[in-house]
Chemist: 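Mind looking over this structure? Questions follow.
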Amino acid sequence: MLELNTIRANPEDIKKRLAVKNFAHLHLIDTVIALDEQRKATQQALDTALSQINALSREVGDAFKAGKKEEAEMLKAQSIAIKETVNQLEADAKQNEIDLHEALVQLPNLPHESVPAGKTPEDNEVVFSHGDLPNLPENAMPHWDLAHKYRLIDFELGVKITGAGFPVYIGKGAQLQRALINFFLKEANAAGYTEMQVPHVVNEESAFATGQLPDKEGQMYHVGIDGFYLIPTAEVPLTNIFRGEILKEEDLPVKVCGYTPCFRREAGSYGKDVRGLNRLHQFDKVEIVQIQHPDVSYNTLEDMVQHVSGLLQKLQLPYRVLRLCGGDMSFASALTYDFEVYSAAQHRWLEVSSVSNFETFQANRLKLRFKDTETKKNRLLHTLNGSALALPRIVAALLENHQTETGITIPEVLRPYTGFDRIGE
RNA sequence: GGAGAGAUGGCCGAGUGGUCGAAGGCGCACGCCUGGAAAGUGUGUGUACCCCAAAAGGGUACCGAGGGUUCGAAUCCCUCUCUCUCCGCCA
């Protein structure tokens, strides 16, 4: 949620920046400002009336104590008269607040100045790439065939148990999952992130605070009976740990990580995008989250990008880093880098990580602040997060890129975790 | 799931209709004391919105959440949430 003060300070600039995200409802800015003016006026009138009532109430008490019954009754009558005004003003203020909030939550975060204009993924900027694209033989197999051949993943079995997009991992396939999770967690720990085990279902408040609600309502699984949501990413519980907190400046940055399954309805997806492991309804991911001082959060973003780069290099996967254009960025993000690995048998890039700085957008909803030691005032913090990493497409790329005639070679760094160095004969 | 008890500031804890944003203690900050520290001692110490150019100052709201009664609610009533104890069920 954007800060009211920011919007008030320079509405035209806000509109320009939102236009970079191709945000269509720029008139909402004017709506917000008008509603805020109205809010202030109403609040002032209300505060004044309440102040009068408070004063009268004190006088009523004094009058009764002094035995001046008639005077007390008279004062009471005055107070009751004001009360009618108060009731009306309170109703107005409440409605006003609802309207203002409704308008505010529709506004996406402002893109950082480095965000390129653009509408589609084609407009994203490649800022870095690493590794040579593997030259596989003609008969190289896509991962779904490899998974079948070596009996690593059974997609049909998942359909039977739940539905499409819920695969069953078998034997070395399952062990590879576990190995990757452990590898990612260990790397994150080594980089100073404290590991957290968090709930996989969250309440509405949490889903709202990180920006999934109301923007992505239809993309989350909803547990109707209790009003909970299955987490689409560990970002939600990991960030909500800090909801409502006022941190000390010396405790920054806060670094946490966690492994969770992620649940996404992925309504509207189809075709080659959802083949095999490319897009699942349930998948595993290790997430890293940092909470940082506003002045240095972009350095932190770079650190996180370096961390993810390191993981991909250790796994010997060719990858590239994209700076997302305004149109491809998420609602809550100010700047996002996507990581894509090259899937050699599919001849396409697959997104495996997304690292973002949300600046104060989430923090404003979270009410996550720190005490500024200089000004002694509370300020909103910056939140950042990134996948480090999401498993399925990593597995897809590992299987495809590291396949040989007789099996699949496990990268050196993973062997201590898998306990085997190849799949196949 | 059943029965009961409870929820007050960073923490503990008083407060059952007005003088309560809230006693007292602990903690914390700053000062005094000290060669230095401890002890002692003094002062201060929540959040949000608004008025004010700003500071100073002032107003309003907040005692789990939401409603209600009342001139006036931390205090009375209702609903909900959470915590604890006992019983039941159970990995």
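Letters A, B, ... are given to chains in the order of the sequence lines, protein chains preceding strands, and every chain is numbered from 1. Because only heavy atoms are used, hydrogens play no part in the values below, and waters and symmetry mates are left out as well, while side chains stay in.
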Chemist: Between B:G57 and B:G64, how far is it from one C1' atom to the other, in whole Å?
Modeler: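 That atom pair is separated by 33 Å.
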Chemist: Could you tell me the Watson-Crick or G-U partner of B:A7, where both distances fall under 3.5 Å? Say none if there is no partner.
Modeler: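 B:U81 is the nucleotide pairing with B:A7.
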Chemist: Scan every strand shown for a Watson-Crick or G-U wobble partner of B:G1, both distances under 3.5 Å, and answer none if you come up empty.
Modeler: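 Matched B:G1 with B:C87 under the 3.5 Å cut-off.
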Chemist: Decide whether A:T360 and A:E3 meet the rule of one side-chain donor and one side-chain acceptor closer than 3.5 Å.
Modeler: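 A:T360 vs A:E3: donor-acceptor pair found between side chains.
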Chemist: Indicate whether OP1 or OP2 belonging to B:C50 is found under 4.0 Å from a side-chain N or O atom of A:R39.
Modeler: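 For B:C50, OP1/OP2 do have a side-chain N/O of A:R39 under 4.0 Å.
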Chemist: Take atom P in B:G21 and the same atom in B:U60, then report the distance between them in whole Å.
Modeler: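 Each nucleotide's P atom is 10 Å from the other's.
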Chemist: Taking the same atom, P, in B:C87 and in B:U8, what whole-Å distance lies between them?
Modeler: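 It comes out at 27 Å once rounded to the nearest Å.
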Chemist: Between P on B:C71 and CD on A:E73, what's the gap in Å once rounded to a whole number?
Modeler: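 Taking CD of A:E73 and P of B:C71, I get 9 Å after rounding.
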Chemist: If you measure from the C1' atom in B:C71 to the same atom in B:A14, how many Å do you get, rounded?
Modeler: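 Per the computed distance, 28 Å lies between those C1' atoms.
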Chemist: Check the side chains of A:S51 and A:N54 for a donor-acceptor pair under 3.5 angstrom, ignoring hydrogens and angles.
Modeler: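 Not at all, the side chains of A:N54 and A:S51 share no donor-acceptor pair under 3.5 Å.
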Chemist: In whole Å, what is the span from the CG atom of A:L366 to the P atom of B:A48?
Modeler: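 The distance from CG of A:L366 to P of B:A48 comes to 15 Å, rounded to the nearest Å.
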Chemist: Base, sugar-phosphate, or nothing for A:D62, non-hydrogen atoms under 4.0 angstrom?
Modeler: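 Nothing, no heavy atom under 4.0 Å.
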Chemist: Looking at A:D372 and A:K377, is any side-chain nitrogen of the basic one under 4.0 Å from a carboxylate oxygen of the acidic one?
Modeler: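 Salt bridge between A:K377 and A:D372, a charged N being under 4.0 Å from a carboxylate O: no.
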Chemist: Where the side chain of A:F64 is concerned, which of B:U47, B:C71, B:G59 is the nearest nucleotide?
Modeler: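 Shortest atom-to-atom distance from the side chain points to B:C71.
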Chemist: Going by purine N1 to pyrimidine N3 plus the second Watson-Crick contact, or the G-U wobble pair, all under 3.5 Å, which nucleotide sits opposite B:U75?
Modeler: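 Paired with B:U75, as far as the under-3.5 Å criterion goes, is no nucleotide at all.
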Chemist: Please report, rounded to the nearest Å, how far the C1' atom of B:A29 is from the NZ atom of A:K248.
Modeler: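 Checked: the NZ to C1' distance equals 12 Å.
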Chemist: Do the side-chain N or O atoms of A:Q44 get closer than 4.0 angstrom to the phosphate oxygens (OP1, OP2) of B:C50?
Modeler: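 So the side chain of A:Q44 is outside the cut-off, no N or O lying under 4.0 Å from OP1 or OP2 of B:C50.
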Chemist: Using a strict 4.0 Å threshold on nitrogen-to-oxygen distance, state whether A:K15 and A:E12 make a salt bridge.
Modeler: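 Salt bridge present between A:K15 and A:E12.
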Chemist: For A:K69, which contact category applies under a 4.0 Å heavy-atom criterion: base, sugar-phosphate, or nothing?
Modeler: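 Since no nucleic acid heavy atom lies under 4.0 Å of A:K69, the category is nothing.
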Chemist: Taking atom P in both B:C86 and B:C30, compute the distance separating them and give it to the nearest angstrom.
Modeler: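 These two P atoms come out 45 Å apart once rounded.
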Chemist: Looking at every strand, decide which applies to A:L50 at a 4.0 Å heavy-atom threshold: base, sugar-phosphate, or nothing.
Modeler: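 The answer is sugar-phosphate, as A:L50 gets under 4.0 Å only of primed atoms, P, OP1 or OP2.
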Chemist: Using the closest heavy atom to pick a nucleotide of RNA chain B for each, name whichever of A:A55 or A:V60 lands nearer the 5' end.
Modeler: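 The 5'-side residue here is A:A55.
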Chemist: Under a 3.5 Å cut-off for both distances, is B:U41 Watson-Crick or wobble paired, and to whom?
Modeler: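 Pairing partner, where one exists within any strand: B:G31.
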Chemist: Given that both distances must come in under 3.5 Å, which nucleotide forms a Watson-Crick or G-U wobble pair with B:A61?
Modeler: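 Result: B:U47.
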Chemist: At under 4.0 Å between heavy atoms, what does A:L56 touch on the DNA or RNA strands: base, sugar-phosphate, or nothing?
Modeler: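 Result for A:L56 = nothing.
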Chemist: Less than 4.0 angstrom from a charged side-chain N to a carboxylate O is my criterion; do A:E250 and A:K248 meet it?
Modeler: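 Between A:K248 and A:E250 there is no salt bridge, as every charged N stays at least 4.0 Å from the carboxylate O atoms.
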Chemist: What is the distance from CD of A:E97 to P of B:A61, rounded to the nearest Å?
Modeler: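 Rounding to the nearest Å, CD of A:E97 and P of B:A61 are 15 Å apart.
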Chemist: With a 6.0 Å cut-off on the ring centroids, do A:F263 and A:H200 count as close?
Modeler: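 No, ring centres 6.0 Å or more apart.
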Chemist: Verify the distance criterion only: is there a donor paired with an acceptor across the side chains of A:Q362 and A:T383 at less than 3.5 Å?
Modeler: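 Distance-only check passes for A:Q362 and A:T383.
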Chemist: Which of these nucleotides, B:C71, B:C51, B:C49, is closest to any side-chain atom of A:K40?
Modeler: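 Given the options B:C71, B:C51, B:C49, the side chain of A:K40 is closest to B:C51.
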Chemist: Ignoring backbone atoms, test whether A:K377 places a side-chain nitrogen or oxygen under 4.0 Å from the OP1 or OP2 oxygen of B:U47.
Modeler: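 False: A:K377 side-chain N/O out of range (4.0 Å or more) of B:U47 OP1/OP2.
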Chemist: Would you please confirm or rule out a distance under 4.0 Å between OP1 or OP2 of B:G59 and any side-chain N or O of A:N54?
Modeler: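 No, because none of the side-chain N or O atoms of A:N54 sits under 4.0 Å from OP1 or OP2 of B:G59.
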Chemist: With nearest nucleotides of RNA chain B determined for A:G61 and A:I246 from heavy-atom distances, which residue corresponds to the more 5′ nucleotide?
Modeler: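 Of the two residues, A:G61 wins.
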Chemist: Report yes if at least one side-chain N or O of A:R369 is closer than 4.0 Å to OP1 or OP2 of B:A48; otherwise report no.
Modeler: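 Checking B:A48 against A:R369, a side-chain N or O does come within under 4.0 Å of OP1 or OP2.
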Chemist: Can you identify which nucleotide, out of B:U60, B:C51, B:G72, has its nearest atom closest to the A:I53 side chain?
Modeler: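 Of the options given, the side chain of A:I53 lies nearest B:G72.
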Chemist: Figure out the CG/P separation between A:L368 and B:U47, and round it to whole Å.
Modeler: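 Those two atoms, CG and P, are 15 Å apart.
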Chemist: With respect to the phosphate group of B:U45, does any side-chain polar atom (N or O) of A:K371 fall under 4.0 Å of OP1 or OP2?
Modeler: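 Looking at the OP1 and OP2 atoms of B:U45, neither is under 4.0 Å from any side-chain N or O of A:K371.
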Chemist: Which whole-number value in Å describes the distance from A:Q43 CD to B:G59 C1'?
Modeler: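 So the two atoms are 10 Å apart, to the nearest Å.
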Chemist: Measure from the side-chain heavy atoms of A:K94 and tell me the nearest of B:G72, B:G67, B:A48.
Modeler: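 Output: B:G67.
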Chemist: Given atom CD1 of A:I80 and atom P of B:U70, what is their separation to the nearest angstrom?
Modeler: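 After rounding, the reported distance stands at 9 Å.
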Chemist: Out of B:U47, B:G59, B:C71, which has the shortest distance to the side chain of A:S57?
Modeler: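 Nearest to the side chain of A:S57 among the choices is B:C71.
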Chemist: Which whole number of Å gives the distance between the P atom of B:U43 and that of B:A23?
Modeler: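 The answer is 15 Å between these two P atoms.
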Chemist: How far does the P atom of B:G2 sit from the matching atom of B:G88, given to the nearest Å?
Modeler: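 My reading of the P atoms in B:G2 and B:G88 gives 15 Å.
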Chemist: Where the side chain of A:K65 is concerned, which of B:U19, B:G72, B:G59 is the nearest nucleotide?
Modeler: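 Looking only at heavy atoms from C-beta outward on A:K65, the closest nucleotide is B:U19.
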Chemist: When the C1' atoms of B:G17 and B:C63 are compared, how many Å lie between them, rounded to an integer?
Modeler: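 Their C1' atoms lie roughly 15 Å apart.
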Chemist: Could you tell me the Watson-Crick or G-U partner of B:G21, where both distances fall under 3.5 Å? Say none if there is no partner.
Modeler: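 No nucleotide pairs with B:G21.
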Chemist: Main chain of A:E84, side chain of A:Q88: is a donor-acceptor contact present, judged purely on distance under 3.5 Å?
Modeler: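 The answer is no, because no donor-acceptor pair under 3.5 Å joins these two groups.
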Chemist: Is B:A14 paired to anything, Watson-Crick or G-U wobble with both distances less than 3.5 Å, and if yes, which nucleotide?
Modeler: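 Here B:A14 is not engaged in any pair, so there is no nucleotide opposite it.
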Chemist: Whole angstroms only, please: what is the CZ-C1' distance between A:R58 and B:U60?
Modeler: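 The distance from CZ of A:R58 to C1' of B:U60 comes to 12 Å, rounded to the nearest Å.
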Chemist: Is it the case that the ring center of A:H293 lies less than 6.0 angstrom away from the ring center of A:F370?
Modeler: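 Yes, they do, as the ring centres are separated by less than 6.0 Å.
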